[in-house]
Peer 1: 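Right, I'll just put the structure down here and ask away after.
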Amino acid sequence: MNSSSVSSRTVITLIVVGVLLIVGGFIISQATPLIFPVEASAESKQIDQLFRIALLIGGAIFLLVQGVLLYSVWRFRARPGDTADGPPIHGSTTLEIVWTAIPAVIVVVLTILSYQVWSSIQAVKDDEQRVQVTGARFNWAFTYSTPDPRDTSSDLTFKSTELHTYIGRPVMLEMQTQDVIHSFWVPALRIKQDLLPGRTTQYRFTPVAVEGETYPARYPIKCAELCGAAHGEMVAWIVVHETEADYIAWFDQEVDKVLNPPADPVLRGEGILASQVYPCHTCHVLSTETLQWAGNVGPALNGVADRAATSRANATGLTAVDYLYQSIHEPGAYLVPGYSNLMPQLGIPECEAWSIVAYLCTLSDSGAPACTVELPAQCQVAAPPAEATPEAPVEAAAEATPEL
Amino acid sequence: MASISVPVGGAPSQPASRPRLRVSDYLRWSVDHKIIGVQYMVTAAFFFIVGGTLAMLIRLELLTPNLDVVQTGAQYNTLFSVHGLVMIFLWIIPMMAGFGNYLLPLMLGAKDMAFPWLNAFAFWLIPPAGILMIGSMLVGAPEAGWTMYPPLSTLFSGDGQTLAALAVHLLGISSILGAINFLVTVKNMRPAGMSYWQMPLFVWAIVATSIIVVMATPFLAGALTLLILDRIAGTTFFDATKGGDVLLWQNVFWFYSHPAVYIMVLPGMGILSDVLSVHSRKPIFGYKMIALSSMAIGIVGFTVWAHHMFTSLQPELRIPFMITSMIIAVPTGIKIFSWLGTLWRGKIRFTSAMLFSLGFLSMFVIGGITGVMLAMIPFNLHVHDTYFVVAHLHFVLFGGSVFAIYSGVYHWFPKITGRLLDERLGKLHFALTYIGFFFTFFPMHFVGMLGMPRRVAVYMPEFQGLNATASIGSFVLGLSTFLLIYNVIASLRGGRLAGANPWRALTLEWATTSPPPATNFVGEPMLFEDPYGYGTEGATAYLDAVERQFGAPPQALAADKSVSPAAQGASGD
């Protein structure tokens, strides 16, 4: 009789404690909006929900352990003068089975739930928008492709320093790095994937509408894998447009820039550098009216045209133009004294590289171009009618000089 | 039931001469495991201060979102890279080896380790490695983190990277030699009458740890060899542009470095099992399950490495590693619940040693819960390489390993020196450490989930509040360390005499004088059949016999009486 009443009280106690733990875990799990960024992707909603379940269980276990711990140290503290030992209890097979089995069940449940969410995140979606991501110390660039309106058999590509998408359209990123490992992380999307040298990795997400957000919404993209001195500053932005039309408006504008670049290669080159689609600014120092680069890894670029025409030309036997072009395409071929071979092969297309060289030629101490570039025929801009003559680049370079 | 194999009332046979050890004895080659143990501990403590100083600089830098304390990002990268390497390879691992060296032969009633010369050799590899490690900061930034991922570590990081890798290589050799020694000692040198199932749980933990060290560390050595060759000999093992593979490093590195987590925390769990039982005056709850769970953790620990690669590993391979990483939570849970079972109905004494063990229990469980969360791939994709991971690993390695080390220091200092540490200072040390620790590392969970990657000197201004909280917490934590250092120095000179067995513990290291004579025991050690058999008449008779043999603690210092005021104080909080 006595024992049965004790055991029924024990059962009631256990039930009450169990309910309290679950309620406590639930309350803890409801704090998640405070510790998560906004949920800007379909995946983020699934992952947050999964985390809330884990936090409910984890919170209950936390309360259980801390509760038993605090209760024990209060209830079973040795009273002053009590020198006796506790009872010689060595264990309880029942209890040990219980506290092996319950965690086992919990981890099985969490594993299954995680697997389901993981499969859903990984799944290939219909009609994915594909964007190429390039990571380089310490810069992100996004390459978009579309059939070339001038010649639909080939693709027109353009680079952007921001990743543009729109609500509801699944996106698949194909990511490559040009140097070390980087990791593409958008906290608002909850997903992270490394960029690995020698591999192309994939990243899938679907932007969703966020309540109260003003569009186009901007969320930070961060590098999460240590990549060097400016790792913490390797930040870019994802821009989520509200509608496909808004996105297309942006897209067409970018395509237009590609179709109608400045005819002047100097302006074109400067524009490429200013857009920061290549990571030049992260390593080189350059100070002009329009560009303020504060990298401290590579040689300074102010006055590079003079040096290219004099000491570098002497050292390499190349003309200033060829030396500058080589420095972009084979950065390790000649190392400026005092600098090591750290610059990656950036894979800059030929026309863009020549335009950059044209701009670099203008970086002389006197301000007058130290060299001039004649763009190869395929790089000449055909579309804008008037100034697209073969002589134009040279003239334009000369005109641009006073500004620099 | 309990019987004692002790000559009850035997003639008190205090060792005739106990030459007092001088400081200089610890500065030269010695094959005495007790001297080597102390050499390990003091050396490790020195590097704890080095690593701690680096940590303070890191937190100082992170007080503000901009780069201000250090000049360049590369310098910041050096701070946390060397901080991690020092804390893991020159503090926690050697400190645990120090406990192992000092205690294992004593707990087994042996005169020394199985290979005394090898033991000394393993220790003396550490100082040169430490010099290399500190030197690495001076010759060119090793800025690839303690994980040294190529190609950052091979193609970009400064010359210091090579020195740091060599230092870790040396420490790995030291670690392997030490572990072989532990295993042979446990296998061959147990006293007659002590089966494996009668060994203290600390010994079990050292066995599990040593098996991991012997099996895993050679992989680290292999990986480091390739890394060093890539750096100095022009090989391209990790250079993808020349046929190498960056994931090769990650796989082999984590094949060692995940088990290394258990190398760091299992001995701490062993310390906890001993301290909790002794200071709650109750047998450890579920001895066999705790011992076996150490072995289970050791074995399953070899199958989980790629959960450190959930954002780099090829996607199809991630699932199996999620499953194994989940499984390993079960034996860890068994330990936590068994420790709670040990406390239940005990006579808990709030000694400093006990407080740190209780602190371990309450903080380590957070590290365990976040560990399970990190094993869930979808959540891991969000928090991988963020401050959430930094929080998790510090809850395991500071809330776990370091709290256990502190607990062990308070528990065994009387054995090592013959004097007790000051309990009042000890409690203050605990309070500051516990609060400082919590406020340093708990906010890191939030800042990581909100979007701050780890290993950055520059962060978004909205994270400043949480970072400043962590920094202020860390300064409290840093200061608290000096209380322990002061306590150790002051107690060495003027601490109260401890006697042989101040805590009235049943394990063998207490059945000899404090500090023990050069041969550890005079005559046959007095072995009690159950190292955790508290609460039995046999145990009381045995403890009384030990007191008669080696002398009771000086008056008013008997553990029971000395802790009573403490118990009052603690229950009053």
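Residue numbers start from 1 in every chain, and the chains themselves are labelled A, B, ... in the order their sequence lines are given, proteins ahead of strands. Side-chain atoms are counted along with the backbone in the values below, which use heavy atoms only and exclude waters and symmetry mates.
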Peer 1: Does any heavy atom of chain A fall under 4.5 Å from the side chain of B:S312, the backbone, both, or neither of them?
Peer 2: both
Peer 1: Name the region of B:F238, side chain, backbone, both or neither, that has any atom closer than 4.5 Å to a heavy atom of chain A.
Peer 2: neither
Peer 1: Can you measure from CZ (B:F321) to CE (B:M326) and round to the nearest 0.5 angstrom?
Peer 2: 15.0 Å
Peer 1: Using modelled atom types and a 3.5 Å cut-off, is there a donor and acceptor pairing between side-chain atoms of B:T332 and backbone atoms of B:I328?
Peer 2: yes
Peer 1: Testing the 3.5 Å rule here: is there a donor-acceptor pair between the side chains of A:T200 and A:Q176?
Peer 2: yes
Peer 1: Heavy atoms under 4.5 Å from chain B: which residues of residues 105-115 of chain A carry them?
Peer 2: A:V107, A:L110, A:T111, A:S114, A:Y115
Peer 1: Please tell me if the side chains of B:M376 and B:F310 come closer than 4.5 Å, counting only heavy atoms from C-beta onward.
Peer 2: no
Peer 1: Just to verify, what does B:N66 make a side-chain contact (heavy atoms from CB on, under 4.5 Å) with, not counting sequence neighbours?
Peer 2: none
Peer 1: Quick check on the interface: out of B:I319, B:T78, B:L343, B:T241, who has the most heavy-atom pairs with chain A under 4.5 Å?
Peer 2: B:I319
Peer 1: For the interface with chain A, which of B:P378, B:P151, B:G451, B:A240 has the highest count of heavy-atom pairs at distances below 4.5 Å?
Peer 2: B:P378
Peer 1: Using heavy-atom distances under 4.5 Å, tell me whether B:Y149 contacts chain A through its side chain, its backbone, both, or neither.
Peer 2: side chain
Peer 1: For A:Y71, is it the side chain, the backbone, both, or neither that has a heavy atom closer than 4.5 Å to a heavy atom of chain B?
Peer 2: side chain
Peer 1: How many angstroms lie between CD1 in A:I57 and CD1 in A:I22, if you round to the nearest 0.5 Å?
Peer 2: 9.5 Å
Peer 1: Taking B:L450, B:T370, B:V456, B:V330 one by one, which has the highest count of heavy-atom pairs under 4.5 Å against chain A?
Peer 2: B:L450
Peer 1: Of the backbone (N, CA, C, O) and the side chain (C-beta and beyond), which part of A:T100 lies under 4.5 Å from a heavy atom of chain B, both, or neither?
Peer 2: both
Peer 1: As an exercise, state the distance from OH of B:Y287 to OH of B:Y532, rounded to the nearest 0.5 Å.
Peer 2: 6.5 Å
Peer 1: Considering only heavy atoms, which portion of A:Q66 lies under 4.5 Å from any heavy atom of chain B: side chain, backbone, both, or neither?
Peer 2: side chain
Peer 1: Is any NZ, NE, NH1 or NH2 atom of the basic residue among A:E43 and A:R190 found under 4.0 Å from an Asp or Glu carboxylate oxygen of the other?
Peer 2: no
Peer 1: Are A:D82 and B:K347 ion-paired here, with the side-chain N under 4.0 Å from a carboxylate O?
Peer 2: yes
Peer 1: What part of A:A104 lies closer than 4.5 angstrom to a heavy atom of chain B: side chain, backbone, both or neither?
Peer 2: both
Peer 1: ring-ring contact (aromatic ring centres under 6.0 Å, His included), that's the test. Do B:Y387 and B:Y459 meet it? Break it down for me.
Peer 2: CA-CA 12 Å; B:Y387 261 89; B:Y459 56 87; 8.5 Å; no
Peer 1: Given a strict heavy-atom distance threshold of 4.5 Å, which part of B:P331 is in contact with chain A: side chain, backbone, both, or neither?
Peer 2: neither
Peer 1: Suppose we screen for side-chain hydrogen bond (donor to acceptor under 3.5 Å, both in side chains). Which residues come up paired with A:D179, at least two apart in sequence or across chains?
Peer 2: A:H182
Peer 1: Report the distance from atom CG of A:L195 to atom SG of A:C223, rounding to the nearest 0.5 Å.
Peer 2: 8.0 Å
Peer 1: Under a 4.5 Å cutoff for heavy-atom pairs, which residue among B:D530, B:L67, B:N77 has the most contacts with chain A?
Peer 2: B:N77
Peer 1: Quick one: what part of B:Q250 sits under 4.5 Å from any heavy atom of chain A, side chain, backbone, both or neither?
Peer 2: side chain
Peer 1: With chain A, which of B:M452, B:M309, B:M449, B:K282 has the greatest number of heavy-atom pairs at distances under 4.5 Å?
Peer 2: B:M449
Peer 1: Using heavy-atom distances under 4.5 Å, tell me whether B:V458 contacts chain A through its side chain, its backbone, both, or neither.
Peer 2: both
Peer 1: Using a cut-off of under 4.5 Å on heavy-atom pairs, state which of A:M234, A:R137, A:Q202 scores highest against chain B.
Peer 2: A:R137
Peer 1: Of the backbone (N, CA, C, O) and the side chain (C-beta and beyond), which part of A:W185 lies under 4.5 Å from a heavy atom of chain B, both, or neither?
Peer 2: side chain
Peer 1: Please identify each residue that fulfils side-chain contact (heavy atoms from CB on, under 4.5 Å) with A:L21, with sequence neighbours left out.
Peer 2: A:V17, A:A60, A:L63, A:L64
Peer 1: How about CD on B:E316, more than 12 heavy atoms from neighbouring residues, nucleotides or ligands closer than 6.0 Å, or not?
Peer 2: yes
Peer 1: Name the region of A:I121, side chain, backbone, both or neither, that has any atom closer than 4.5 Å to a heavy atom of chain B.
Peer 2: side chain
Peer 1: Need one label for B:S338: side chain, backbone, both or neither, based on atoms under 4.5 Å from any heavy atom in chain A.
Peer 2: both
Peer 1: Quick check on B:R345: does its CZ atom have over 12 non-hydrogen neighbours (other residues, nucleotides or ligands) under 6.0 Å away?
Peer 2: no
Peer 1: Heavy-atom distances under 4.5 Å only: say whether B:F364 touches chain A with side chain, backbone, both or neither.
Peer 2: neither
Peer 1: Which region of B:R318, side chain (C-beta onward) or backbone (N, CA, C, O), has a non-hydrogen atom less than 4.5 Å from a non-hydrogen atom of chain A, or is it both or neither?
Peer 2: side chain
Peer 1: Using a cut-off of under 4.5 Å on heavy-atom pairs, state which of B:I323, B:I377, B:I369, B:T342 scores highest against chain A.
Peer 2: B:I369
Peer 1: Side chain, backbone, both or neither: which part of B:I284 has a heavy atom under 4.5 Å from chain A?
Peer 2: backbone
Peer 1: Is it the backbone or the side chain of B:V383 that comes under 4.5 Å from a heavy atom of chain A, or both, or neither?
Peer 2: backbone
Peer 1: How about CZ on A:R75, more than 12 heavy atoms from neighbouring residues, nucleotides or ligands closer than 6.0 Å, or not?
Peer 2: no
Peer 1: Would one find more than 12 heavy atoms of other residues, nucleotides or ligands at under 6.0 Å from atom NZ of B:K242?
Peer 2: no
